[in-house]
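So you know, we letter chains A, B, ... as the sequences are listed, proteins then strands, and number each from 1. Values reported hereafter were calculated over all heavy atoms of this structure, with side chains retained and with hydrogens, waters and symmetry mates removed. Owing to the predicted nature of the structure, the values given are computational and were not obtained by experimental measurement.
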Amino acid sequence: MATVKAVRGTRDLLPPETELWNLIEATARQVFARYNFGEIRTPIFEDTGLFARSVGEETDIVSKEMYTWEDRARAQSEKTQSLTLRPENTAGVVRAYIEHGLGESGQLQKLYYVGPQFRRERPQKGRYRQFWQIGAEVIGPPSSGSESPLRDAEVLEMLATLLQELEITGWTLELNSVGSAADRAKYSDVLRAALVDVAPKMCGDCQRRAVTNPLRVLDCKVPEDQPIIESLPKIGDSLGKDSKDHFAQVTAALDAAGVPYKLNRRLVRGLDYYTRTTFEFTHGGLGAQNALLGGGRYDGLSEAIGGPKAPGIGFAIGLDRLVLTLQALESTQAPAPAAKADAYIASLGESLNAAALVLARELRRAGLRVELGDGSFRLKKSFEAADKIARRIVILGEDEHQSGILTVKDFTTGTQTKVPRAELAAYLARPAGE
RNA sequence: GCGGCUAUAGUUCAGCGGCAGAACGCCUGACUGUGGCUCAGGAUGUCGUGGGUUCGAUCCCCACUAGCCGCCCCA
């Protein structure tokens with residue numbers, strides 16, 4: 001087949017599905033606004049080094065899933081630059097935070113974004129090479145209160161609210177603390193040491209992880225490995241007092257707000273920048289990719305990419321997965337019928353097409369949704385077309401054009417009436433059947 | 001990167017080593033003012049791509065590509 005197709009892992013979103021996407025985005029923007037977030041839009045590609053230094057050189061994302069290319073030099077004096085399609089958006093936001101000196105204001109920055117991200121993974125249900133995320137970041141100098149556990153709780157409460165307003169039920173919030181960077185490094189060492197003896201008895205992946213990224217061993221799903229994992233040192237025991245206090249305040253605030261959560265001491269997220277609070281909202285019915293959204297605190301990220309100390313916390317919602325979840329829930333209820341146009345204007349004869357456009361313009365200016373026929377004399381054809389997409393048909397024949405009295409038929413009731421042009425918009429604005 | 005399943009009409013899918021099928025959708029039906037329900041008629045297509053076996057392949061075999069599902073990982 002020689003025809004060009006959307007490349008692997010990418011897809012077209014068509015009406016009416018895009019209506020659902022827009023509804024979700026609009027709801028998110030509305031909720032975020034109530035929490036005083038503002039929108040940020042960062043470039044879709046960045047210098048490759050940004051992701052290597054933030055997400056982590058050793059992570060799967062950076063080591064094998066990025067779309068990276070050498071941007072060619074256009075002049076002899078210009079150097080080539082390695083660029084990468086963003087695999088996530090937090091790095092870009094923090095880069096912008098540093099670049100524009102947003103921390104200099106002393107104010108806490110609350111930013112959200114909506115946009116496509118790119119990872120070269122094997123596509124499957126809920127996983128695409130171009131996928132969409134809605135995310136938000138709370139970041140600022142320590143003096144702005146950015147480190148407060150209240151920020152963590154507020155963000156989680158906001159997410160619970162958003163899911164509620166989207167009428168998504170059946171989700172689970174899994175919560176953990178991986179400690180400060182120091183705690184995390186310490187625990188990593190403890191784990192590595194403990195794994196020396198037991199790793200050879202574990203699955204191949206775990207043997208590899210024991211060396212490269214010991215925390216990942218905790219995520220292993222092989223049944224035989226579970227007893228061994230249970231016997232490994234717990235991350236909670238490696239947390240310093242500050243980290244423990246911080247986490248306790250997060251959970252206390254969630255309890256007070258009535259946000260349900262499940263402690264998951266083995267929740268380790270795959271991006272290197274996470275510190276202290278990490279979380280994931282999961283949902284069944286998503287197949288193997290059950291994470292609806294994920295996030296956490298990143299107290300050292302800004303410094304890792306050369307910025308000032310700027311603790312923060314953020315999350316990213318998998319929009320594709322949100323849509324899937326909503327569609328799955330929707331099917332158990334009534335499927336939403338596609339909205340119909342308010343009127344279909346059938347001009348009888350091409351000589352009336354210009355007049356039909358003028359009429360449509362009037363009605364559309366009045367806020368009505370209007371479709372135009374093609375000037376066919378065959379009313380049968382016009383009726384067939386009109387009935388599929390509109391609630392009423394407006395007939396504009398020679399008589400109507402001369403008299404200014406239009407013929408309108410209501411498809412719901414089947415009744416036909418004459419309406420003076422001056423009253424037409426008001427008439428069509430009425431609900432069908434009235 | 002690895003494994004399983006799949007690829008036929010616009011869509012969802014049957015099917016068979018020998019003229020390509022259904023349903024839905026689409027078009028037409030006393031063609032210059034009336035749709036829906038029903039009826040009658042009609043058009044669908046290089047049977048994913050490339051090779052092989054065969055007198056003959058949409059069907060059997062191989063490779064490739066893509067999709068779905070799972071692993072890994074993540075949203």
*What integer number of Å spans the C1' atoms of U65(B) and G48(B)?*
8 Å
- Query: In terms of heavy-atom contacts, does CD of Gln164(A) have more than 12 from other residues, nucleotides or ligands at under 6.0 Å?
  - Reply: no
As its Watson-Crick or G-U partner within any shown strand, both distances under 3.5 Å, G21(B) has C13(B)
Paired to C26(B) by Watson-Crick or G-U wobble criteria (both distances under 3.5 Å) is G42(B)
Mate of C2(B) across any strand shown (Watson-Crick or G-U wobble, both atom pairs under 3.5 Å) is G70(B)
Tightest non-hydrogen contact, residues Ala210(A) and Val217(A), listed as N-CG2, 4.0 Å
- What do you reckon, is NZ of Lys234(A) surrounded by more than 12 foreign heavy atoms closer than 6.0 Å? yes
Say we look at C72(B) and G18(B): how far apart would their C1' atoms be, to the nearest angstrom?
48 Å
Taken to the nearest whole Å, CG/Asp410(A) to C1'/G35(B) is 13 Å
For G42(B) and U53(B), measure between their C1' atoms and round to the nearest Å. 40 Å
Open item on the list: Using only modelled atom types and a 3.5 angstrom limit, is any donor from either the side chain of Arg120(A) or the base of G1(B) paired with an acceptor on the other?
Closed with: no
*asked:* Mind checking if Lys409(A) touches a base, just sugar-phosphate, or nothing, with heavy atoms under 4.0 Å?
replied: base
_Regarding Gly295(A), tell me which of base, sugar-phosphate or nothing describes its non-hydrogen contacts under 4.0 Å with the strands shown._
nothing
query = How far, in whole Å, is G52(B) from G10(B) if one measures between their C1' atoms?
reply = 34 Å
From the candidates G33(B), C74(B), G70(B), the one with an atom nearest any side-chain atom of Lys125(A) is G70(B)
For the P atoms, the ones on C61(B) and on U6(B), what distance do you get once it is rounded to whole angstrom? 11 Å
Atom OH of Tyr273(A) and atom P of C74(B) are separated, to the nearest Å, by 11 Å
| Does Arg392(A) make a cation-pi contact with Tyr427(A), if we ask for NZ or CZ under 6.0 Å from the ring centre and within 45° of the axis? | yes
request  = Compute the ring centroids of Tyr274(A) and Tyr298(A), then answer whether they are less than 6.0 Å apart.
outcome  = no
Separation of C72(B) atom C1' from Asn290(A) atom CG, nearest Å, is 14 Å
In whole angstroms, the gap separating P of C74(B) from CG of Leu218(A) amounts to 12 Å
Taken to the nearest whole Å, CZ/Phe279(A) to C1'/C74(B) is 15 Å
Review point. What does Leu292(A) touch in the nucleic acid at a heavy-atom separation under 4.0 angstrom: a base, only the sugar-phosphate, or nothing?
Key: sugar-phosphate
_Check this for me: Arg29(A), atom CZ, are more than 12 non-hydrogen atoms of other residues, nucleotides or ligands nearer than 6.0 Å?_
yes
ask   = Counting any heavy atom closer than 4.0 Å, what does Glu280(A) reach on the DNA or RNA strands: base, sugar-phosphate only, or nothing?
value = nothing
* Lys409(A) and Thr415(A): side chain donor to acceptor below 3.5 Å -> no
Practice problem: May I ask you to say what Ile317(A) touches in the nucleic acid, namely base, sugar-phosphate or nothing, with a heavy-atom cut-off under 4.0 Å? | Solution: nothing
Other residues, nucleotides and ligands only: do more than 12 of their heavy atoms fall within 6.0 Å of CD on Glu58(A)? no
Here the residues of residues 373-386 of chain A within 4.0 Å heavy-atom distance, strictly under, of RNA chain B are Phe377(A), Arg378(A), Leu379(A), Lys380(A), Phe383(A), Glu384(A)
From NZ of Lys5(A) across to P of U49(B) the rounded distance in Å is 10 Å
| task | For U32(B) versus C37(B), give the span between their P atoms, rounded off to a whole number of Å. | result | 25 Å
Assigned chi class of U32(B) under the 90° convention is syn
Checking G33(B), C69(B), G35(B) against the side chain of Asp387(A) (C-beta onward), the nearest is G35(B)
Arg122(A) atom CZ is separated from G1(B) atom P, nearest whole Å, by 8 Å
### Message
Roughly how many Å apart are U38(B) and G45(B), using the C1' atom of each and rounding to a whole number?
### Response
30 Å
*What nucleic acid atoms does Leu271(A) come within less than 4.0 Å of, heavy atoms only: base, sugar-phosphate, or nothing?*
sugar-phosphate
- Contact class for Arg8(A) vs. all strands (heavy atom < 4.0 Å): base, sugar-phosphate, or nothing? sugar-phosphate
Exactly one candidate in Asp255(A), Asn176(A), Leu156(A), Val250(A) meets side-chain contact (heavy atoms from CB on, under 4.5 Å) with Tyr261(A); the answer is Asp255(A)
task: Tell me what Glu400(A) touches on the nucleic acid: a base, only sugar-phosphate, or nothing, going by heavy atoms under 4.0 Å.
output: base
Practice item. Please check if atom CZ in Arg41(A) has more than 12 non-hydrogen atoms from other residues, nucleotides or ligands closer than 6.0 Å. Key: no
Assign Phe315(A) to base, sugar-phosphate, or nothing according to its heavy-atom contacts below 4.0 angstrom with the strands shown. nothing
For U65(B), the nucleotide meeting Watson-Crick or G-U wobble distances (both under 3.5 Å) is A7(B)
Atom CD1 of Ile345(A) and atom C1' of G33(B) are separated, to the nearest Å, by 17 Å
In Watson-Crick or G-U wobble terms, with both distances under 3.5 Å, the base opposite A57(B) is none
Per the O4'-C1'-N9-C4 / O4'-C1'-N1-C2 angle with a 90° window around 0, C60(B) comes out anti
Review point. Cationic tip of Arg129(A) within the cone over Phe118(A)'s six-membered ring, i.e. under 6.0 Å and within 45° of the normal?
Key: no
>> Check this one for me: any side-chain N or O of Gln124(A) less than 4.0 Å away from OP1 or OP2 of C69(B)?
In response: no
Across the strands shown, which category fits Tyr128(A) at heavy-atom distances under 4.0 angstrom: base, sugar-phosphate, nothing?
base
Have a look at Gly349(A) and say if it touches a base, only the backbone sugar-phosphate, or nothing, with a 4.0 Å heavy-atom cut-off. nothing
Comparing Glu65(A) with Thr10(A), nearest RNA chain B nucleotide closer to 5' gives the residue Thr10(A)
| message | Please give the distance between the C1' atoms of C27(B) and C2(B) as a whole number of Å. | response | 49 Å
